[in-house]
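Comments concern the structure below.
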Amino acid sequence: MLWKTTEYSGWGNALTATGDIARPERAATLARILDETPAPAFGNRRSYGDAALNDGGRAIDMTRLDKIIGFDPDTGVVEAEAGVTLTTLMRLFAHRGWVPAVVPGTGFATVGGAIAQDVHGKNHHAEGSFGNHVKSISLFTNGKRVTASPTRNKALFRATMGGVGQTGVILSAKLQMKPTPGTAMQVTETRLADWNDQIDALTSSTATYVVSWIDAQAKGDKMGRGILEEAELTSADAPAPDRAKSVPVNMSLFSNGLFARVFNEGYFRRVPATGRSSVKRLEEFFFPLDKIRNVNRLYGKKGFHQFQCVVPLDAIDVLEEMMHKVSRSGLASPLAVLKRMGPDRAGMMSFPMEGYTLAVDFPNRARATKLIAELERMTAQAGGRLYLAKDSLAHGDAIKAMYPDWSDWAAEVAKADPDRTMVTDMVRRLKLRG
Amino acid sequence: MQETWIILGATSSMARAFGRALAERGATVFLAGRDMEDLKGAAVDLAARGAARAEAVKFDARDPGSFQPIIDKACATEGTINAAVFVGSMPPQDEIDRDPALIEGTVIDSYTGPARFLHLLAPEMEARAGGTVVGVGSVAGDRGRIGNYVYGSAKAGFATYLAGLRNRLTRSGGHVITVKPGFVDTAMTWGIEGMFLVADPADVADDILKAVNRKKDVIYTPFFWRYIMLIIRAIPERVFKKLSV
């Protein structure tokens, strides 16, 4: 059958939708669907909230349209269908000297999804966002196929990078990969005693890949403590992979405060006080949680919300106050990261801005949603913004105020999809299309 | 070692995943099927994934004239010649009940077409004293059931053919693997009621490649289908005939 009626959700499992999903395996099948009943597309649904959902409507699962269309070993340009995952690109091309220039924290993200959210990675401060390395895209928009690039159909291109799928269905993209001397990472881990340590370390690090884990349960003197990870691509030999693990059923470990505190203490002490340096496999460094299948089940049946904001450099005090609120609440899961961001972004609705970005997971509970609302208010006050790939709770007015190019984007989207065929739950919730 | 694979029915998602696994180990792959546009795209995909060479070739189980050119092409390469058969067709049983003429096509697609192809290929494999044939059957071939016994009987015939071919090719150092997949998450099973324990095509392809490396004779994939079918085969016929499993 072409359409399957099913309930589905984003990665956070807190929001769900029911509707008809098609999962074409051939370009010809997709072309027929788009001619007859155009609908929003999704990849592996690694966005946490409702960006990929269309309750009561149709949606197209692009994950089986995952062919490599071309690869030039001399230039490192790869052309891939939207459903190709970033971990696939890494596996296929790293040993031939090329890696995707930007990858987010999960390798299951698809090329189409990475464009639709203009994702960033641990090298954002140095190398920009995913869309900064997209040479061109093929887009099904307003009934036809169109090529868009930074120089051709410019406005459409900028509305599509980070445009949460609203300009049309992303069919394929040409990506400039970056050269790598090998298939491993040289990783240095350093303990950070408190918040000031965090900010100093993130500000002064000169590494290409920098991210910091933050103990979002630590209070008092220890507030903000964590572990700085700095890394570079290396030609050193990578260790053999561990066996894949899986979380077989929903269990609420990560939503348990005591578990989080104990876990964090152990995670912090795992790195010696003097720090350590090691060689890791690319996947182990970039996608640490991907080796545990269904890791999102650790939040239990009710799911979770991830809060991720970025605030400008000069609003660091507000971020510190936010972190105090998080740690005092005792609600945060062990998965919390802090990172310095650079100014580069590829689209009108792209998340990045120069500053600091904080991401914290919370269980889907009333007290957590109240806290998140407070954190959102503080983000707005600081002149920062929220990440649409993570959001599941915000309100439209607040979001629009955070994105200065929003009205340009909405105008471009109105041209690209006049019949509103690409509207999703997120777009309805945030009234992004006006 | 240089290896050449002919993949019959290469547009199916199981075949596509198997082809990719072969490409990543540097094989030469001929992608045989009817949808040339899709196969040409798949050939480019396999080449980018590391295949020594990948080429789309026209194959139609119902047109024996399409067989020999494929075999000639594959035999023009060095090294071992191998084949993997993913073809088959499964019209819904109720459509067959209304139009029994559909039986012949089902049997040709799922059994006699690929058998005839393999029969043309076998002397070449014997001449090269090696090579592997992967024949994808189905758990449906293990016992006739009301839901799909025409397709099931074709796959049963194919399984018996593969057993005989195994017996033959062993003498010249060749090998034949019979693969019996359970439910696989493909376009064919998408949205069909009553599917359970559905396997990812990439996992099935991994299982097949492992079986190739280890020279297994008959595999079920995922493995637990061996036990499910053991139970289903153990039910006495006088009971089974009243069931609708």
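Residue numbering restarts at 1 for every chain, and letters A, B, ... go by the order of the sequence lines.
By number of non-hydrogen pairs under 4.5 angstrom with chain A, the leading residue of B:Glu37, B:Arg16, B:Arg49, B:Glu24 is B:Arg49. Top candidate by heavy-atom pairs under 4.5 Å with chain A, chosen from B:Ile192, B:Leu46, B:Thr186, is B:Thr186. Counting heavy-atom pairs under 4.5 Å between each of A:Met1, A:Lys67, A:Lys4 and chain B puts A:Lys67 at the top.
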Under 3.5 Å, sequence neighbours excluded: what are the donor-acceptor pairs made by side chains of residues 193-212 of chain B?
| from | atom 1 | to | atom 2 | distance (Å) |
| --- | --- | --- | --- | --- |
| B:Asp200 | OD1 | B:Ala202 | N | 2.9 |
| B:Asp207 | OD2 | B:Thr221 | OG1 | 2.8 |

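Between B:Asp185 and A:Arg23 the shortest side-chain heavy-atom distance falls below 4.5 Å. Within the 4.5 Å cutoff, side-chain heavy atoms of B:Trp190 are placed close to those of A:Ile21. Within the 4.5 Å cutoff, the side chain of B:Thr11 has heavy atoms near those of the A:Arg26 side chain.
For a residue to count as touching a neighbouring chain, one of its non-hydrogen atoms must lie under 4.5 Å from one of that chain's; by this rule A:Ile69 touches chain B with the backbone only. At a 4.5 Å heavy-atom cutoff, the contact between A:Arg96 and chain B is made by side-chain atoms alone. For a residue to count as touching a neighbouring chain, one of its non-hydrogen atoms must lie under 4.5 Å from one of that chain's; by this rule A:Ala80 does not touch chain B. Proximity to chain B involves both the backbone and the side chain of A:Asp66, based on heavy atoms less than 4.5 angstrom apart. Heavy-atom distances place no part of A:Thr29 under 4.5 Å from chain B, backbone and side chain included. Contact of B:Ala42 with chain A is made through backbone and side chain together, with heavy-atom distances under 4.5 Å.
Annotation for B:Lys216: atom NZ does not count as buried by contact number, only 12 or fewer foreign heavy atoms lying within 6.0 Å. Within 6.0 Å of NZ in A:Lys245 there are more than 12 heavy atoms belonging to other residues, nucleotides or ligands. Around atom CD of B:Glu78, no more than 12 heavy atoms belonging to other residues, nucleotides or ligands sit under 6.0 Å away. When the shell of 6.0 Å around CZ of B:Arg145 is examined, it contains more than 12 heavy atoms from other residues, nucleotides or ligands. Annotation: B:Lys58, atom NZ; neighbour count of heavy atoms from other residues, nucleotides and ligands within 6.0 Å is above 12. Within 6.0 Å of atom CZ in B:Arg25, more than 12 heavy atoms from other residues, nucleotides or ligands are found, so the atom counts as buried in its surroundings. Heavy atoms from other residues, nucleotides or ligands lying under 6.0 Å from NZ of A:Lys280 number more than 12. Applying the 6.0 Å contact sphere to CD1 of B:Ile146 captures no more than 12 heavy atoms from other residues, nucleotides or ligands.
Looking at every heavy atom in both residues, B:Asp45 comes nearest to A:Ile68 through OD1-N, 2.6 Å.
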